[in-house]
There are 2 protein chains.
Amino acid sequence: MSNLLRSNIEDYVKITDDDFAAIRQHFDQMVFRKGDFIIRAQESVSTIYFIQSGLVKLSYWDQDGKEHIASFAMENWWETDFNAFYHQSRSSCTLQCLEATTAYTLSLKNYQHLCATFPFMTGYFLDKSIRGHIANQNRILSLLTLSPKEKYEQFLQLYPSLVQRIPKTILAAYLGVSRETLSRMYRSRK
Amino acid sequence: MSNLLRSNIEDYVKITDDDFAAIRQHFDQMVFRKGDFIIRAQESVSTIYFIQSGLVKLSYWDQDGKEHIASFAMENWWETDFNAFYHQSRSSCTLQCLEATTAYTLSLKNYQHLCATFPFMTGYFLDKSIRGHIANQNRILSLLTLSPKEKYEQFLQLYPSLVQRIPKTILAAYLGVSRETLSRMYRSRK
DNA sequence: GCGGGACTGTGACTTGGATCACATATGCTA
DNA sequence: TAGCATATGTGATCCAAGTCACAGTCCCGC
């Protein structure tokens with residue numbers, strides 16, 4: 001199974017070569033360099049991205065100019081500003097590459113066509129959405145219940161491979177902790 | 001449109017009387033009194049609930065015995081511990097009635113049967129799931145970016161009708177703020 | 001109608017973590 | 001290879017919000 005998108009779909013349901021070829025038609029591919037913006041704030045968002053390689057961050061800037069991270073996405077993950085995509089409105093977030101990234105892109109029109117042509121794809125997206133929903137729920141509970149130290153340790157446990165790939169400043173903005181507090185956290189048994 | 005469940009489905013797609021009758025077969029109905037537990041921690045969860053009337057809270061207790069609110073659900077909302085339901089594991093949360101509540105219940109088996117029989121129901125649940133996902137995303141950003149005062153004001157704006165129905169202690173546990181801080185918040189221009 | 005529990009307000013005190021300020025290290029890029 | 005931006009560590013200070021303690025209110029059941 002050399003194709004990541006196909007294997008991702010087949011984690012949910014097995015498909016034939018012909019089906020995958022037809023599904024594949026709905027996607028384009030894009031290549032980004034480190035630092036490139038995939039979505040800028042205030043833009044309209046008509047595309048979902050399936051990350052083939054690389055790492056991106058979805059972030060929100062508050063009125064004080066402070067960055068907050070809504071989520072990260074790496075290989076094998078779907079990402080976009082779902083709020084803007086689903087409601088066809090302008091993005092309040094920014095999607096930017098932390099590493100050089102390649103992605104399959106799926107437009108809203110093709111997304112709808114895909115679900116209409118292959119009903120099991122609706123089930124596939126439902127599966128993804130529910131998992132995302134559950135992950136968000138867990139993140140909310142972590143934000144509510146954990147100390148900075150515990151948040152960091154939980155992140156380490158959940159995404160050990162990501163910790164080395166993400167600048168600490170950005171990780172702090174994801175955890176909801178100041179850069180300095182995060183930095184002080186490695187030694188102390190807090 | 002007297003039936004809340006039907007009108008909720010028809011917000012997504014129009015259905016015939018016959019279809020609704022067949023769909024309706026998949027559900028049972030339950031009645032709870034104020035304070036009743038719908039789901040207790042450590043129980044397995046095999047049911048989704050569609051709230052017809054009333055108000056429930058989904059909460060998590062940390063190791064210090066402090067309660068944290070994952071979410072509220074009122075009339076016209078779907079609720080359960082989705083993590084436990086979807087992965088068929090034990091609940092880490094508690095679902096409890098803040099008011100006398102009536103709900104349609106849908107078992108996992110019937111949920112699957114429903115989606116298999118009426119493919120558009122998969123689309124309906126996908127729609128619900130995406131909206132839930134987006135709401136959770138927004139909640140995460142609120143927790144990351146807003147001051148206690150701003151969190152309270154945003155809640156007021158998003159759910160004006162809920163504020164009167166939820167004890168302040170519980171609301172504080174939802175906002176991630178202490179009861180006392182929330183209480184002090186009404187007067188000051190903080 | 002009485003008593004005990006949940007709910008809420010409010011003062012006094014404490015503190016975790018933010019903020020500020022600066023220093024060092026590690027690149028890229030020209 | 002110099003030079004500037006990015007990333008990180010660390011000390012000193014401050015303050016928003018948590019915690020603790022107590023009092024008043026409301027409501028429900030016996």
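In the text below, chain A, chain B and the rest are named by the order of the sequence lines, each starting its count at 1. Remember, predicted model here, so these are calculated numbers, not experimental data.
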Is the shortest distance from a Lys or Arg side-chain nitrogen in [X] or [Y] to a carboxylate oxygen in the other one below 4.0 Å?
{"X": "Glu153(B)", "Y": "Lys149(B)", "value": "yes"}
{"X": "Arg179(A)", "Y": "Glu67(A)", "value": "no"}
{"X": "Glu43(A)", "Y": "Arg90(A)", "value": "no"}

- Phosphate contact (dT8(D) OP1 or OP2) by Thr169(A) side-chain N/O below 4.0 Å: yes
Provide a list of protein-nucleic acid N or O atom pairs under 3.5 angstrom, restricted to nucleotides 26-30 of chain D.
none

- Is the count of non-hydrogen atoms from other residues, nucleotides or ligands lying under 6.0 Å from Gln157(A) atom CD greater than 12? no
Please list, for nucleotides 18-21 of chain C, all pairs of protein and nucleotide N/O atoms separated by less than 3.5 Å.
from    : atom 1 : to        : atom 2 : distance (Å)
dA18(C) : OP1    : Ser178(A) : N      : 3.2
dA18(C) : OP2    : Ser178(A) : N      : 3.2
dA18(C) : OP2    : Ser178(A) : OG     : 2.7
dA18(C) : OP2    : Thr181(A) : OG1    : 2.3
dT19(C) : O4     : Arg184(A) : NH2    : 3.1
dC20(C) : N4     : Glu180(A) : OE2    : 3.2

- Rounded to 10 degrees, the angle between the two terminal axes of the helix from dG1(C)-dC30(D) to dA30(C)-dT1(D), each from five pairs: 50°
Tell me: [atom1] of [X] to [atom2] of [N], nearest whole Å?
{"X": "Ile166(B)", "N": "dA6(C)", "atom1": "CD1", "atom2": "C1'", "result": "16 Å"}
{"X": "Leu98(A)", "N": "dA7(D)", "atom1": "CG", "atom2": "P", "result": "9 Å"}
{"X": "Leu146(A)", "N": "dG18(D)", "atom1": "CG", "atom2": "C1'", "result": "17 Å"}
{"X": "Lys57(B)", "N": "dA6(C)", "atom1": "NZ", "atom2": "P", "result": "12 Å"}
{"X": "Gln164(B)", "N": "dT8(C)", "atom1": "CD", "atom2": "P", "result": "12 Å"}
{"X": "Lys168(B)", "N": "dT25(D)", "atom1": "NZ", "atom2": "P", "result": "18 Å"}
{"X": "Met185(A)", "N": "dT8(D)", "atom1": "CE", "atom2": "C1'", "result": "14 Å"}
{"X": "Leu143(B)", "N": "dA17(D)", "atom1": "CG", "atom2": "C1'", "result": "16 Å"}

- May I ask you to check whether Tyr111(A) and Phe125(A) place their ring centers less than 6.0 Å from one another? yes
- Please confirm whether Phe155(A) and Tyr159(A) have ring centers closer than 6.0 angstrom. yes
- Query: With under 30° as parallel and over 60° as perpendicular, where do the rings of His68(B) and Tyr60(B) fit, or are they tilted in between?
  - Reply: tilted
- Face-on cation placement of Arg139(A) at Tyr174(A) ring, 6.0 Å and 45° thresholds: yes
- Using a 4.5 Å cut-off on heavy atoms from C-beta on, say whether the side chain of Lys34(B) contacts that of Leu98(B). no
- Message: Just to verify, which of Ile39(A), Ile38(A), Thr105(A), Thr47(A) counts as forming a side chain to side chain contact (heavy atoms under 4.5 Å, CB included) with Thr80(A)?
- Response: Ile39(A)
- Message: Out of the candidates Asn3(B), Asp28(B), Asn8(B), only one should pair with Tyr104(B) under the side chain to side chain donor-acceptor pair (under 3.5 Å) rule; please name it.
- Response: Asn3(B)
